[in-house]
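Some notes on the structure that comes next.
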Amino acid sequence: MGTPEHSTTGGPGASWAGRVAGLAGSCHPGPVVAVTALMAALAVTSGQGAARCVLTAAAVLTGQLSAGWCNDAFDARRDIAAGRHGKPVVDGTVAVREVWVAAYAALALCVPLSFACGLWAGAVHLAGVAAAWAYDLRLKATAWSWAPYAVGFAALPAFVALGLPGQPWPAWWLVTAGALLGVGAHLGDVLPDIRLDLATGVRGWPQRLGPDGARLLLPVPLVAASAVLVLGPAGPPGRWGVTALVVAGLVAVAGTVLGRRRERAAFAAAVAVAVVDVALLLVRGTGIA
């Protein structure tokens, strides 16, 4: 899964603290923290015990770290050639080899931590981590770039559900909403960099859609996830559920309209809808299996 490369940056002269900071910056810390915190919160609301919640969070954290470091290490050569400053491997804070070592170490820790939550839970979570690595190493630049995100995000809440006593299979709406959130996350993550990606030869699904196409499509999977989370569980959605769905729809439409002139407005609206989806997911936590 990739070959460590020698780098002229981040050499022996770099301080230990500097290399640690570089590794922290190379793991994509924002998404790592957000996803880990969300899954820890879902584990709590779903009814997992304290020890299992910690184990679940540790497994998710190591899986996210491994994928984040793999992404930066594999893209290092292209990022350096393109002068994409702001990344530690480009700025010389940490060596590419060190990032590869961190990625493999995190992956090695993720395996036993995942299976400690149960056989099926571990298998599902590791399938999601494998999908993330497949994205980093190959699928990122293909028309199938959305698929690893869908699989990875669907696997995360399923991992939490399978970690409950009795290892119950996750509800269909939970897995579906996770997959839709993943597709939306992929579009949102790529949207700000589409033009630069195209200039460096990256032609994933959003890049093939182009900036305008990706912007228009971005709210669709997120609002669809809202609808699934509101209407999927058994019983009436309730007033709060209908309100959340209406708000998500209105925000998405507003973002699409305003995004014609200000691209950041579309991205901000998508983030707002994703926040609504996360809130719905946590509220629905007790019925995820």
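None of these values were measured; they are calculated from a predicted model. Both backbone and side-chain heavy atoms feed into the values below; hydrogens, waters and symmetry mates do not.
Taking CG of L181 as the start and CG of D277 as the end, the distance is 5.0 Å to the nearest 0.5 Å. W120 contributes atom CH2, which lies 15.0 Å from atom CZ of F159 (distance to the nearest 0.5 angstrom). Atom CG of L209 and atom CG of L191 lie 10.5 Å apart (nearest 0.5 Å). Atoms CG and CG, from L109 and L65 in turn, are 9.5 Å apart once rounded to the nearest 0.5 Å. Note that NZ of K87 is 4.5 Å distant from CG of D72, once rounded to the nearest 0.5 Å. Here CG of D136 is found 13.5 Å from CH2 of W69. Values are rounded to the nearest 0.5 Å.
Two different hydrophobic clusters hold V32 and V35 under the rule that ILVMFWY side chains link at heavy-atom gaps under 4.5 Å. At a threshold of 4.5 Å between side-chain heavy atoms, the hydrophobic network of Ile, Leu, Val, Met, Phe, Trp and Tyr places V273 and L280 in two separate groups. Residues L231 and W172 share a single hydrophobic cluster, defined by chaining ILVMFWY side chains whose heavy atoms lie under 4.5 Å apart. Residue L229 is grouped with residue L38 when hydrophobic side chains (ILVMFWY) are merged at heavy-atom distances under 4.5 angstrom, including chains of intermediate members.
No more than 12 heavy atoms of other residues, nucleotides or ligands shown are found within 6.0 angstrom of CZ on R138. Counting non-hydrogen atoms of neighbouring residues, nucleotides and ligands closer than 6.0 angstrom, the CH2 atom of W144 reaches no more than 12 such neighbours.
Listed for the T36 side chain is no donor-acceptor partner under 3.5 Å among the backbone atoms of V33. With hydrogens and angles disregarded, no donor-acceptor distance shorter than 3.5 Å links the side chain of Q64 to the backbone of L61. Although no hydrogens or angles enter the test, the distance criterion places no donor-acceptor pair under 3.5 Å between the side chain of T176 and the main chain of W173. R52 places a side-chain N or O within donor-acceptor distance of the main-chain N or O of C117, the cut-off being under 3.5 Å. A donor-acceptor pair is defined here as one N or O able to donate and one able to accept, closer than 3.5 Å; such a pair exists between the side chain of R215 and the backbone of T256. The backbone N or O of L245 sits nowhere less than 3.5 Å from a side-chain atom of S226 that would complete a donor-acceptor pair.
For Y135, the ring pair (Phe, Tyr, Trp, His ring centres under 6.0 Å) partners are Y149, H186, not counting sequence neighbours.
Ring geometry, W133 versus Y104: the interplanar angle falls from 30° to 60°, so the pair is classed tilted.
Between A154 and V175 the shortest heavy-atom distance is CB-O, 3.5 Å.
In this structure the side chain of L174 reaches within 4.5 angstrom of the side chain of L281, judged on heavy atoms. Under the 4.5 Å side-chain criterion, counting only non-hydrogen atoms from C-beta, S26 is in contact with V94. Looking only at side-chain heavy atoms (C-beta outward), P170 and L162 come within less than 4.5 Å of each other. Inter-residue side-chain proximity for L187 and W146 is flagged as unmet; no heavy-atom pair is nearer than 4.5 Å.
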Can you check side-chain contact (heavy atoms from CB on, under 4.5 Å) on R203 and L198, steps first, answer last?
CA-CA 6 Å; R203 289 187 53 80; L198 289 172; 3.9 Å; yes
If you apply the rule side-chain contact (heavy atoms from CB on, under 4.5 Å), what do you find for V202 with L196, and how did you get there?
CA-CA 9 Å; V202 177; L196 183 57; over 6 Å; no
Check the pair K140, N71 against side-chain contact (heavy atoms from CB on, under 4.5 Å), reporting the backbone distance first and the verdict last.
CA-CA 10 Å; K140 179 179 183 176; N71 184 282; 3.9 Å; yes
Starting from the C-alpha separation in whole Å, work towards a yes-or-no answer on side-chain contact (heavy atoms from CB on, under 4.5 Å) for F153 and V183.
CA-CA 9 Å; F153 273 68; V183 174; over 6 Å; no
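When each of L156, V60, T56, V160 is paired with L42, the side-chain contact (heavy atoms from CB on, under 4.5 Å) condition holds for V160 and for no other.
Under the 4.5 angstrom side-chain criterion for Ile, Leu, Val, Met, Phe, Trp and Tyr, the cluster partners of V257 are V253.
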